[in-house]
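What follows is a set of notes on a single structure, which appears directly below.
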Amino acid sequence: MISQTWWYVARASGIVAWGLGVASVLWGTLLSTRILGTRPRGPWLLDLHRFLGGATVLFVGLHVGALVADSYEQFGLADVLLPFASGYQSIGVALGIVAMWLLLAVELSSLVMKRLPRHVWHTIHLLSYAVAFLSSVHLLVAGTDAGNPVLRVAAFVWMPAVVGLLVYRQLAPPLAPKRPTVAPTPAA
Ligand code: HEM
Ligand code: HEM
């Protein structure tokens with residue numbers, strides 16, 4: 001009974017982690033389009049993005065921890081940390097493990113983003129698109145609930161939404177230049 005409980009916890013937390021990760025990517029992409037406003041804008045917009053990212057990490061931790069606690073499939077530490085260490089759904093699980101490491105890189109670099117050059121932080125941050133993609137394929141390949149029609153549709157539906165936002169960002173007219181703070185001196 002206990003082993004079944006951990007298996008259910010692993011499945012449920014995997015789905016929540018995936019949903020939060022995709023929501024974080026969608027919200028981050030939306031912020032980057034400036035559709036929600038230019039700087040300075042409500043700090044809660046970025047706080048919500050940070051919250052979604054942090055919660056994704058926590059639920060991935062629960063997902064992985066529950067798999068180790070579950071005594072039926074017998075995942076060891078190496079099985080959940082190293083791609084292809086586990087014999088269970090090895091390709092599907094490896095995709096989840098790679099997604100987890102990329103997610104950690106995105107999250108940890110963001111926690112120290114003020115100490116990193118902006119372009120370094122941003123290059124690492126772009127890995128979040130790979131996190132969303134790999135974890136979606138992971139869901140479809142390794143997931144017990146991969147046959148669920150709602151999950152199958154959900155695993156794909158975010159992709160055109162993100163692509164649409166990125167296309168909008170490329171095509172949107174450039175922002176109006178900031179007004180000068182000092183009045184120009186009249187021409188002599
Ligand atoms: C402490 C955690 C995080 C912080 C502080 C943070 C911060 C930011 C900031 C400042 C932006 C730029 C918004 C703009 O252009 O105005 C951004 C964009 C973005 N974030 Fe995050 N983020 C965090 C975690 C995450 C996580 C965990 C994910 C997804 C796994 C994620 C996905 C994205 C995406 C997809 C973008 C748009 C990137 C682009 O195309 O330029 N972020 N984030
Ligand atoms: C970003 C990281 C990850 C996300 C978002 C994620 C998400 C998910 C989701 C949504 C499922 C399907 C759940 C279901 O069908 O009910 C799943 C299944 C699974 N995941 Fe992950 N996962 C991640 C990382 C990992 C890692 C690091 C492992 C390490 C072993 C792992 C192992 C598994 C296994 C064995 C399954 C199949 C069991 C099940 O159906 O729950 N995942 N994952």
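Whatever order the structure lists them in is the order used to number ligands and atoms, beginning at 1.
- Among pairs with a residue in residues 132-144, those fulfilling side-chain hydrogen bond (donor to acceptor under 3.5 Å, both in side chains) read Trp18-Ser136, Ser136-Trp158, at least two apart in sequence or across chains.
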- [ ] Start with the C-alpha distance between Met113 and Arg118, add both sets of side-chain angles, then the distance that settles side-chain contact (heavy atoms from CB on, under 4.5 Å), and finish with yes or no.
- [x] CA-CA 7 Å; Met113 67 185 284; Arg118 177 84 186 184; 4.1 Å; yes
Open item on the list: Using the rule given for side-chain contact (heavy atoms from CB on, under 4.5 Å), can you reason through Phe133 versus Met159, listing the C-alpha separation, both sets of side-chain angles and the distance that settles it, and then say yes or no?
Closed with: CA-CA 8 Å; Phe133 181 75; Met159 296 181 200; 3.9 Å; yes
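- Atom 41 (O) of ligand 2 has as its closest protein heavy atom Arg11 CG, 2.9 Å.
- Taking every non-hydrogen atom of Gly53 and a distance limit under 4.0 Å, the qualifying atoms of ligand 1 come out as 27 (C).
- Using a 4.0 angstrom heavy-atom cutoff, Leu52 does not count as in contact with ligand 1.
- Taking 2.8 Å as the limit, the number of protein N, O or S atoms around atom 21 (Fe) of ligand 2 is 2.
- Scanning the protein heavy atoms around atom 35 (C) of ligand 2, the nearest turns out to be Phe75 CZ, 3.5 Å.
- Asp145 OD2, 3.3 Å is the protein heavy atom nearest to atom 14 (C) of ligand 2.
- At a threshold of 4.5 Å between side-chain heavy atoms, the hydrophobic network of Ile, Leu, Val, Met, Phe, Trp and Tyr places Trp101 and Val25 in one connected group.
- For atom 20 (N) of ligand 1, the candidate residues are Lys114, His125, Arg50; the nearest heavy-atom contact is made by His125.
- Within the 4.0 Å heavy-atom shell around ligand 1 one finds Trp121.
- Annotation for ligand 2: atoms under 4.0 Å from non-hydrogen atoms of Val80 are 27 (C), 29 (C), 30 (C).
- Between His49 and ligand 1, an N or O atom pair is found at a separation short of 3.5 Å.
- With rounding to the nearest 0.5 Å, the separation of OH in Tyr129 from CG in Leu134 is 15.0 Å.
- Residue-to-ligand polar distances keep Trp7 apart from ligand 2: every N/O pair is separated by 3.5 Å or more.
- Annotation: Arg34 places an N or O atom under 3.5 Å from an N or O atom of ligand 1; distance criterion only.
- When the options Leu104, Leu20, Leu81, Thr144 are ranked by their closest heavy atom to atom 40 (O) of ligand 2, first place goes to Thr144.
- One option in Ser128, Ser110, Ala132 has a heavy atom closer to atom 4 (C) of ligand 1 than any other, and that option is Ser110.
- The side chain of Leu126, and not its backbone, has at least one atom closer than 4.0 Å to an atom of ligand 1 (non-hydrogen atoms only; side chain from C-beta on).
- Shown here for Tyr168 and Ile35, the closest heavy-atom pair between the two residues is CE2-CG1, 3.4 Å.
- Taking Ile, Leu, Val, Met, Phe, Trp and Tyr as hydrophobic and joining them when side-chain heavy atoms fall under 4.5 Å apart, one finds Val163 in a cluster with Val167, Leu171.
- Using modelled atom types, no side-chain atom of Trp27 and backbone atom of Arg50 make a donor-acceptor pair closer than 3.5 Å.
- On a distance-only criterion, His122 and ligand 1 share at least one N/O pair closer than 3.5 Å.
- Short contacts between ligand 1 and Ser32, defined as distances under 4.0 Å to a heavy atom of the residue, involve ligand atoms 14 (C), 15 (O).
- Counting the atoms of ligand 2 from 1 in the order shown, those under 4.0 Å from a heavy atom of Ile97 are 27 (C), 29 (C).
- Residue-level proximity to ligand 1 for Val106 is carried by the side chain, the only part with a heavy atom below 4.0 angstrom.
- Residue contact check: Glu107 has heavy atoms under 4.0 Å from atoms 1 (C), 2 (C), 24 (C), 27 (C) of ligand 1.
- The salt bridge (Lys or Arg N to Asp or Glu O under 4.0 Å) test applied to Arg152 returns no partner, not counting sequence neighbours.
- When only interatomic distances are considered, the shortest N/O to N/O separation between Thr29 and ligand 1 does not fall below 3.5 Å.
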